[in-house]
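Residue numbers begin at 1 in each chain, while the letters A, B, ... track the order of the sequences.
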2 protein chains.
Amino acid sequence: MASTIKDVARLAGVGVGTASRVISGKGPVAPETAARVQQAIETLGFRPSSIARALSRKSLDMLGVYVPQYQGLFHGAVLETIGRELREVDRHMVTASGGACGDARLQALDGIDFLRQRECDGLLLMSHELHDDDLRQLHAQMPQIAVLNRIVPGLESVCFSSDHELGGRLAAQCLLEAGHREVAIISGPHHAPDNEARLHGFLDTLGAAGVRVPSERIITGDFTPASGRAAAEALLARCGPAPLPFSALFCANDPMAIAAISVLAAAGLRVPEDLSVVGYDDCEFAAHVWPALTTVRIDIGAVATQATRDLINRCYGRDRPVIRDVAPELVRRQSVRRVDAA
Amino acid sequence: MASTIKDVARLAGVGVGTASRVISGKGPVAPETAARVQQAIETLGFRPSSIARALSRKSLDMLGVYVPQYQGLFHGAVLETIGRELREVDRHMVTASGGACGDARLQALDGIDFLRQRECDGLLLMSHELHDDDLRQLHAQMPQIAVLNRIVPGLESVCFSSDHELGGRLAAQCLLEAGHREVAIISGPHHAPDNEARLHGFLDTLGAAGVRVPSERIITGDFTPASGRAAAEALLARCGPAPLPFSALFCANDPMAIAAISVLAAAGLRVPEDLSVVGYDDCEFAAHVWPALTTVRIDIGAVATQATRDLINRCYGRDRPVIRDVAPELVRRQSVRRVDAA
DNA sequence: CTGAAAGCGCTAACAC
DNA sequence: GTGTTAGCGCTTTCAG
């Protein structure tokens with residue numbers, strides 16, 4: 001059996017109170033006494049029980065984080081960042097993700113409940129399946145939350161996101177500047193607030209330039225490569241074989257863009273010669289596929305950093321610096337090509 | 001303040017023991033009494049404190065998992081699986097990953113220590129940076145561990161891995177059958193046991209067919225796309241421009257293969273027309289790039305499943321079914337092409 | 001500066 | 001069946 005603080009106290013010939021003080025490093029202890037306790041700790045190989053400490057201090061020193069899934073480039077970056085930020089302040093995280101099947105919203109609710117049962121000090125939430133109301137309701141019961149990648153009306157102070165509408169505008173501008181006026185879109189899920197924002201920014205900017213996107217050229221995917229493939233196939237089926245009636249394609253994330261390009265290539269269409277493609281996110285692969293993807297960079301890691309720090313500040317009375325705005329940025333690579341005005 | 005079991009007991013007019021029994025569902029309770037307690041729980045919105053329970057039962061019902069990083073396709077799948085398996089038995093996981101900088105082995109050791117401090121009931125470990133001895137030593141102190149993706153001599157019973165040597169052989173056979181006799185390799189890190197196993201299987205199979213791979217055609221990467229790109233560039237620089245002195249390239253994982261192909265494409269080399277490429281892992285993108293990657297499928301999720309179940313069985317006296325062998329499998333797609341015997 | 005003692009909320013004996 | 005009680009290992013008053 002592992003030794004306890006009592007053993008340490010006994011061995012050092014002091015009371016448990018004193019032992020506790022030197023272990024936690026807070027409270028006055030005579031240097032000489034401290035040394036004796038330290039000694040006892042070493043010889044016993046004592047490790048304080050975080051559980052007992054938690055019970056008495058009423059905190060496990062941990063934050064819960066919900067992500068719909070661990071897979072994929074996007075969420076990994078988020079977890080990575082959160083974990084790092086937390087360890088810097090000697091806290092940790094428990095994670096929950098959506099289960100295998102069933103309604104995604106229910107899964108999220110369930111995952112959040114799971115985390116609350118675990119008595120997290122706060123929650124970091126990433127989900128586009130949850131309704132605004134779900135989040136507002138949760139916040140009412142548990143104010144220690146931070147919402148990632150979406151802005152919930154009424155909860156602005158705990159929401160952290162890049163400006164996806166601006167991101168959409170950037171993509172549109174890039175295409176417009178290159179002379180494109182006939183475009184198609186592979187969208188993300190329509191209930192995803194971030195997707196809607198970028199789509200809105202994109203369409204609005206296009207519209208301001210007098211460009212309309214007919215609805216049959218907008219296909220909905222779910223952010224996975226497989227859905228990107230299906231969407232591209234649908235687009236091809238719908239718009240007939242080459243020559244395509246559009247010269248540019250905007251995809252709501254890079255994985256779908258990459259998959260779409262592979263479908264296009266299989267159909268004999270070259271990017272960017274026959275079709276320009278703009279992705280979104282700037283995932284790790286964007287720079288490493290052929291052609292390298294022109295995309296809108298979303299620094300989701302930076303967003304996660306701010307959210308985490310803010311939550312740390314609120315939960316632990318810290319004062320970590322948090323920079324609020326993380327601007328999306330267009331990164332030009334090879335998948336967009338200038339086209340002659342007709 | 002949240003209500004406690006005492007409040008519930010008082011409201012229901014029973015002793016805490018009884019309340020505890022109905023909450024945990026174990027121990028005899030009269031149905032009528034149980035109903036009263038249940039009622040009290042509802043009206044109070046009572047949630048048992050997992051911390052207090054943990055202190056008294058000496059278990060947080062959680063397993064620790066160490067992965068070098070969250071990012072990337074590979075580790076995400078592992079976490080996904082572990083999380084799911086755990087929730088099925090109402091347990092959860094804490095995760096730790098390597099920090100930003102410094103010696104990767106030290107980071108892993110540090111992460112493991114972090115997990116142990118959190119009093120996990122057991123540890124799932126994924127790291128190719130750790131020495132065999134590190135793991136053996138840890139196991140001596142804490143037998144509740146499971147090691148993923150490598151087989152440590154002396155620790156076979158707690159190690160779970162696909163047969164990477166066989167995986168390497170599969171890749172070699174595929175190339176040999178297609179008539180290739182001049183090959184190049186982009187390897188993973190040489191201290192990674194899984195990489196070494198697949199390389200060994202690959203080279204050995206080639207060797208048995210009388211094919212040798214000159215050392216200047218073996219470049220070492222670190223499994224990231226960026227390293228795959230660098231490796232491919234080095235290969236090109238080393239072996240001059242087209243025509244290449246080799247007709248096939250084996251990459252130790254798919255992300256490096258994808259990046260390598262993009263470099264090749266940029267240099268005007270077509271896959272598979274000018275060069276055949278075989279990847280490894282069958283990551284999510286393998287089927288969705290152009291050309292679709294012929295690769296060796298490693299079902300890392302299945303490996304994680306077995307490991308997790310086995311650890312659950314050991315830690316919680318369960319008896320979940322665990323199937324031991326997960327065989328690698330060649331999946332033929334478009335990146336390999338038959339070549340005429342010279 | 002230090003020791004004693006009272007919890008933290010729950011579980012598990014143990015009597016009734 | 002049910003109530004009482006003694007811990008689990010630590011933190012935190014509170015005297016001394």
Side-chain angles (χ1 to χ4, degrees), chain A residues 1-41 44-62 90-91 116-121 316-317, chain B residues 1-41 44-62 90-91 116-121 316-317:
Chain A
M1 199 53 216
S3 49
T4 76
I5 198 173
K6 264 188 189 163
D7 302 320
V8 172
R10 190 172 335 120
L11 212 186
V14 301
V16 290
T18 305
S20 172
R21 271 167 228 129
V22 354
I23 290 163
S24 66
K26 41 185 51 172
V29 186
E32 197 263 338
T33 316
R36 274 216 320 287
V37 175
Q38 205 52 256
Q39 181 56 249
I41 290 175
L44 253 32
F46 167 81
R47 285 180 181 245
S49 156
S50 63
I51 302 178
R53 174 193 312 231
L55 180 58
S56 137
R57 295 206 333 201
K58 298 166 159 329
S59 163
L60 273 169
D61 280 338
M62 89 187 175
D90 202 34
R91 301 301 200 286
R116 295 183 68 188
Q117 278 175 30
R118 257 61 192 183
E119 284 155 292
C120 302
D121 299 319
Y316 304 119
Chain B
M1 196 56 212
S3 49
T4 75
I5 198 173
K6 264 187 189 162
D7 302 319
V8 172
R10 188 170 340 118
L11 212 185
V14 300
V16 290
T18 305
S20 173
R21 272 168 227 129
V22 355
I23 291 162
S24 66
K26 43 185 48 170
V29 185
E32 196 265 337
T33 316
R36 272 214 323 286
V37 175
Q38 205 51 256
Q39 181 56 248
I41 290 175
L44 253 32
F46 167 80
R47 283 179 182 243
S49 157
S50 62
I51 303 178
R53 173 192 312 231
L55 180 57
S56 144
R57 295 206 334 202
K58 299 167 158 328
S59 163
L60 273 169
D61 280 339
M62 90 186 173
D90 202 33
R91 302 301 203 283
R116 294 182 69 188
Q117 278 176 32
R118 257 62 194 184
E119 285 156 291
C120 302
D121 299 319
Y316 304 119

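With sequence neighbours excluded, the residues satisfying side chain to side chain contact (heavy atoms under 4.5 Å, CB included) with B/Ile5 are B/Val16, B/Ala19, B/Ser20, B/Ile23, B/Phe46. Residues forming a side chain to side chain contact (heavy atoms under 4.5 Å, CB included) with A/Gln39 (at least two apart in sequence, or on another chain): A/Thr43. Scanning for side chain to side chain contact (heavy atoms under 4.5 Å, CB included) contacts around B/Arg116 gives A/Arg47, B/Ile112, B/Leu123, B/Leu138, B/Gln141, B/Met142, with sequence neighbours left out. Considering only residues two or more places apart in sequence or on other chains, B/Gln38 meets the side-chain hydrogen bond (donor to acceptor under 3.5 Å, both in side chains) condition with none of them. Listed by chain and residue number, A/Ile51, A/Ala52, B/Glu119 satisfy the side chain to side chain contact (heavy atoms under 4.5 Å, CB included) test with A/Ser49 (two or more places apart in sequence, or in another chain). Contacts of A/Arg36 classified as salt bridge (charged side-chain N to carboxylate O under 4.0 Å, His left out), with partners at least two apart in sequence or in another chain: A/Glu32.
Taking atom CG of A/Leu55 as the reference point, atom C1' of C/dC10 lies 8 Å away to the nearest angstrom. The NZ atom of B/Lys6 sits 9 Å away from the C1' atom of C/dG7 (whole-angstrom rounding). Note: CZ (A/Arg10) to P (C/dA4) measures 13 Å, nearest angstrom. One atom, CD1 of A/Ile51, and another, C1' of D/dG7, lie 15 Å apart when rounded to the nearest Å. Atom CG in A/Asp7 sits roughly 13 Å away from atom C1' in D/dC8 (whole-Å rounding).
Not one side-chain nitrogen or oxygen of A/Lys58 sits closer than 4.0 Å to the OP1 or OP2 atom of C/dG7.
Side-chain atoms of A/Arg118 and B/Met62, non-hydrogen and from C-beta on, never get closer than 4.5 Å to each other.
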### Summary
With sugar-phosphate taken as primed atoms, P, OP1 and OP2 and all else as base, the protein-contact string of nucleotides 11-16 of chain D at under 4.0 Å (heavy atoms; B, S, -) is BBB---
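If one axis is set at each end of the helix from C/dC1-D/dG16 to C/dC16-D/dG1 from five pairs, those axes are 40° apart, to 10°.
Residues in residues 4-27 of chain A take part in these salt bridge (charged side-chain N to carboxylate O under 4.0 Å, His left out) pairs, two or more places apart or across chains: A/Asp7-A/Arg10.
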